[in-house]
J.: 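Pasting a structure below so you can have a look.
Order of the sequence lines sets the chain letters (A, B, ...), proteins ahead of strands, with each chain counted from 1.
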Amino acid sequence: MLVIILHALTVNLLYLVLRLAPIFRGGCLSRFLPLFEARCPLFSAAANSLLLSSDRAKNDNREIDFGVLLESCTRLHVLKCLHAFLVVSGKIQNIFIATKLVNRYANLGDVSFSRRTFDQILNKNVFTWNSMVSAYVRRGHFCEALDCFYHFSLTSGLRPDFYTFPPVLKACRNLVEVKKIHCAVLKLGFEWDVFVAASLLHMYAQFGLADVARKLFDDMPVRDRGSWNAMISSYCQSGNAIEALNVLDKMRLEGVNMDSVTIASILPTCAQSGDIITGMLIHLYVIKHGLEYDLFVSNALINMYGKFGILELALKVFDQMIVRDVVSWNSIISAYEQNNDPITARRFFNKMQRAGIQPDLLTLVSLASIVAQSNDHKNSLSIHGFVMRRGWLMHDVVIGNAVVDMYAKLGDIDSARSVFEGLPVKDVISWNTLITGHAQNGLASEAIEVYQMMEECNGIIPNHGTWVSLLPAYSHVGAVQQGMKVHGRVIKNCLYMDVFVGTCLIDMYGKCGRLDDAMSLFYQIPRESPVPWNAIISCHAVHGHGEKALNLFREMLDERVKPDDITFVSLLSACSHSGLVSDGQSYFRMMQEEYKIKPHLKHYGCMVDLFGRAGQLEMAYDFIKNMPLQPDASVWGALLGACRIHGNIELGAFASDRLFEVDSENVGYYVLLSNIYANVGKWEGVNKVRSLARVRGLKKTPGWSSIEVNSKVDVFYTGNQTHPKCEEIYGELRNLTAKMKSLGYVPDYSFVLQDVEDDEKEFILSSHSERLAIAFGIISTSPKSPIRIFKNLRVCGDCHNATKFISQITEREIIVRDSNRFHHFKEGICSCGDYW
DNA sequence: CTAGGGTTAG
């Protein structure tokens with residue numbers, strides 16, 4: 001370490017001495033060589049061999065090829081030193097050497113030194129100006145590049161040549177600038193130079209004028225392979241796979257072969273459009289033409305195979321590479337990461353470090369996702385720290401968004417939020433990430449608030465990702481009126497034809513109780529993929545329309561859409577909600593035999609529910625015993641729920657024992673068990689469960705219910721006392737309870753786990769969140785209109801009973817959607833037949 | 001001496 005510091009000091013010192021003391025004029029470079037050695041071996045080797053040859057010529061340094069020396073200089077310090085040497089030895093007056101210096105500074109990252117050198121050159125020529133312009137462009141200083149160009153063409157008295165324009169065009173950031181430069185090109189007559197024309201074409205395409213680009217291309221009198229490549233890559237980058245392949249065909253018909261550039265542009269397009277056949281044909285072409293060792297081609301191949309999920313081929317290409325750069329490593333890492341194999345991805349990252357390749361921004365993007373996938377809380381902090389130390393978080397949105405996403409996926413929404421707030425620039429994706437982050441952590445109304453903040457923020461235009469993040473939050477709290485507003489906006493730009501947006505809308509209508517709207521939308525959107533089918537089937541499942549769900553499944557098969565694992569989850573839950581036991585069994589078999597889908601825990605949970613609800617409790621238990629997987633809480637929970645419905649105490653107690661082994665914290669299971677005892681009047685059992693719950697110090701998932709009135713969603717937590725209409729709500733509830741009692745309602749205290757006096761229990765029951773929401777609905781909407789309530793947990797038995805009475809007293813339809821299904825209350829009866 | 005067209009992303 002010390003050596004390095006000392007060394008840096010010596011080089012800097014030397015630089016100063018050389019600048020200040022012209023005594024060294026004509027001094028011998030060989031004296032300084034040892035100082036360069038450690039910092040820049042390549043440079044010192046080149047310098048050494050040049051010195052040797054010049055020594056032989058006994059000509060001091062005059063014969064040294066400083067161009068080559070500058071070229072081999074890879075450290076800024078060494079370059080500055082050499083610069084000083086050139087100044088004191090007067091060689092800086094050589095315009096070629098000076099121009100090369102301008103370039104070298106830009107390549108080593110210090111464009112301000114390029115400019116300083118440039119300003120010191122007195123007799124600038126076209127080369128010098130071109131170099132300065134392209135130096136700015138290479139470092140991304142587009143504004144300065146254009147300024148420099150205008151200065152050049154207007155004040156220098158020199159005439160730009162055709163080398164000038166490609167970099168200048170690249171510096172244009174909008175169409176106006178492109179058109180201005182285009183005029184200059186026309187005036188000077190460089191229009192049909194192949195390089196200039198290719199650049200023009202490329203810029204027009206980049207700013208969306210694909211037809212202008214195409215016309216330029218068609219009008220070109222001379223086309224080289226570069227022109228074809230420019231046209232093809234323009235189409236590729238704008239996502240127009242069909243035209244890209246058309247032009248490619250034409251090019252080959254004219255006898256022009258593809259080169260590595262053509263292939264590197266077309267492969268990502270194959271991946272994007274899912275055209276695996278073309279992709280693999282191109283791979284064959286690559287092998288046949290000996291392009292398989294090209295870095296860019298190999299990288300593109302790895303990426304393509306990664307996107308298709310063909311990891312063996314991605315790995316094969318990676319393994320046979322001779323030279324790998326950071327992109328190669330990033331590509332193989334993200335191939336595994338995106339195919340849900342964070343362990344292998346991590347292994348490649350470790351290998352990359354051992355190979356001495358420095359991770360870049362994109363490596364960290366993949367790493368953040370790896371950490372999130374493997375639930376690796378410890379390393380999330382190191383990643384955040386690494387990214388911050390490098391200043392990347394302040395510099396690039398992409399990595400910032402990746403960190404926000406990482407924290408959100410790890411469930412640490414507070415950290416996600418604070419990173420988000422610290423981002424200097426936020427784009428749509430930043431907002432979308434934060435919305436999804438809240439929604440997926442069960443914070444639906446917070447997700448909606450984030451969206452509202454986004455709308456208040458100027459310059460952010462929501463895209464399809466926004467709707468895909470937001471709509472599930474709306475369906476969660478039942479904000480159908482706001483959801484419909486989104487539907488309206490989506491129609492305007494045809495986004496509802498996007499499979500994911502369309503599916504979210506279907507899900508939203510279905511989960512908000514509007515099956516008809518869900519159905520009519522379903523038939524409007526493309527349905528070649530199983531995704532929208534899964535949504536519409538599951539909508540029918542939660543409404544208890546099993547037969548319709550099965551019909552839809554048959555229709556799906558008729559349309560030759562291949563069902564996936566999710567399809568069968570929806571289908572099996574439809575069967576269980578409607579008591580279609582034998583159908584469920586045969587679909588469970590069909591899934592494995594015909595579609596080779598291995599059932600996972602969700603499927604087993606549905607099957608247990610299917611048997612259990614239908615009263616076949618022994619069947620359900622046998623099914624669990626024969627499972628090849630370790631049953632989790634959802635499986636035992638299904639059995640326990642069935643035991644409650646059918647009043648089986650022994651099996652219920654057994655199931656809850658297993659349940660407390662895998663998930664002892666969920667208070668819902670204690671409630672279920674105590675209900676079982678209460679239903680058959682075993683009060684000592686109820687007391688036992690109650691004390692168990694108390695001893696274990698349960699952390700409750702807070703229960704809430706929501707209701708949408710006039711496009712505004714109100715969320716009520718149990719016992720809420722802060723709502724502006726609080727007084728009226730509790731007044732209405734007291735009123736209702738009195739009427740209910742006169743009609744025969746008896747509060748069922750088995751749903752209260754707290755150990756308090758009976759009148760206190762009654763108050764707890766009547767301040768359950770669903771009742772607050774219903775009462776609010778009654779006082780805020782016109783008489784006899786229907787009320788829709790949404791609850792995050794299952795509705796409790798006492799509330800279920802109470803709602804029946806309320807529907808009778810108020811002559812209203814009351815629709816309650818809980819975490820499981822829809823309950824339709826009308827005239828004192830519930831559609832679920834009291835099996836909830 | 002200088003230049004175009006190319007690979008990775010949340």
J.: Base, sugar-phosphate, or nothing for A:E337, non-hydrogen atoms under 4.0 angstrom?
T.: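 A:E337: no heavy atom of the nucleic acid under 4.0 Å.
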
J.: Which residues in residues 290-322 of chain A have a heavy atom closer than 4.0 Å to any atom of DNA chain B?
T.: A:D294, A:F296, A:N299, A:N303, A:K307

J.: For A:R173, which residues count as a side-chain hydrogen bond (donor to acceptor under 3.5 Å, both in side chains) partner, sequence neighbours excluded?
T.: A:E177

J.: Check every strand shown and say whether A:D259 touches a base, only sugar-phosphate, or nothing at a heavy-atom separation below 4.0 Å.
T.: base

J.: Does anything in residues 192-211 of chain A form a ring-ring contact (aromatic ring centres under 6.0 Å, His included)? List the pairs, not counting sequence neighbours.
T.: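 Counting only pairs at least two positions apart or across chains, the ring-ring contact (aromatic ring centres under 6.0 Å, His included) contacts touching residues 192-211 of chain A are A:H182-A:Y204.
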
J.: How would you list, by chain and number, every residue that makes a side chain to side chain contact (heavy atoms under 4.5 Å, CB included) with A:K409, sequence neighbours excluded?
T.: A:A372, A:D405

J.: Base, sugar-phosphate alone, or nothing: which one does A:D427 contact when heavy atoms must sit under 4.0 Å apart?
T.: base

J.: Regarding A:T262, tell me which of base, sugar-phosphate or nothing describes its non-hydrogen contacts under 4.0 Å with the strands shown.
T.: nothing

J.: Looking only at the side chains, is there a donor atom on one of A:R138 and A:S134 sitting less than 3.5 Å from an acceptor on the other?
T.: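 Present: a donor and an acceptor within the cut-off.
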
J.: I'd like to check the side-chain hydrogen bond (donor to acceptor under 3.5 Å, both in side chains) partners of A:Q353; sequence neighbours left out, ordered by chain and number.
T.: none

J.: By the 4.0 Å heavy-atom rule, please label A:S334 as base, sugar-phosphate, or nothing.
T.: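 Nothing, no nucleic acid heavy atom in range.
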
J.: Which pairs, with at least one residue in residues 294-317 of chain A and sequence neighbours excluded, count as a ring-ring contact (aromatic ring centres under 6.0 Å, His included)?
T.: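 For residues 294-317 of chain A: A:H283-A:Y305.
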
J.: Which residues within residues 387-407 of chain A lie with some heavy atom under 4.0 Å of an atom in DNA chain B?
T.: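 The stretch gives A:V397, A:V398, A:N401, A:D405 as the residues lying under 4.0 Å from the strand, ordered by number.
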
J.: Hey, does A:S233 reach any base, or is it just sugar-phosphate, or nothing, if we go heavy atoms under 4.0 Å?
T.: sugar-phosphate

J.: Who are the side chain to side chain contact (heavy atoms under 4.5 Å, CB included) partners of A:D119, not counting sequence neighbours?
T.: A:R115

J.: Between A:S331 and A:N299, does any side-chain donor sit less than 3.5 Å from a side-chain acceptor?
T.: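 The criterion, which ignores hydrogens and geometry beyond distance, is not satisfied for A:N299 and A:S331.
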
J.: Restricting to side chain to side chain contact (heavy atoms under 4.5 Å, CB included), what partner residues turn up for A:K100, sequence neighbours left out?
T.: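 Expected list: A:L70, A:E71.
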
J.: What range of DNA chain B does chain A touch, first nucleotide to last, counting atoms under 4.0 Å from its heavy atoms?
T.: B:dC1 to B:dG10

J.: What residues form a salt bridge (charged side-chain N to carboxylate O under 4.0 Å, His left out) with A:D259, not counting sequence neighbours?
T.: A:R225

J.: Give one of base, sugar-phosphate or nothing for A:D224, where a contact means two heavy atoms less than 4.0 Å apart.
T.: base

J.: Describe the nucleic acid contact of A:S131 in one word from base, sugar-phosphate, nothing, applying a heavy-atom distance below 4.0 Å.
T.: nothing

J.: Who pairs with A:K250 by side chain to side chain contact (heavy atoms under 4.5 Å, CB included), at least two apart in sequence or on another chain?
T.: A:R214, A:W228

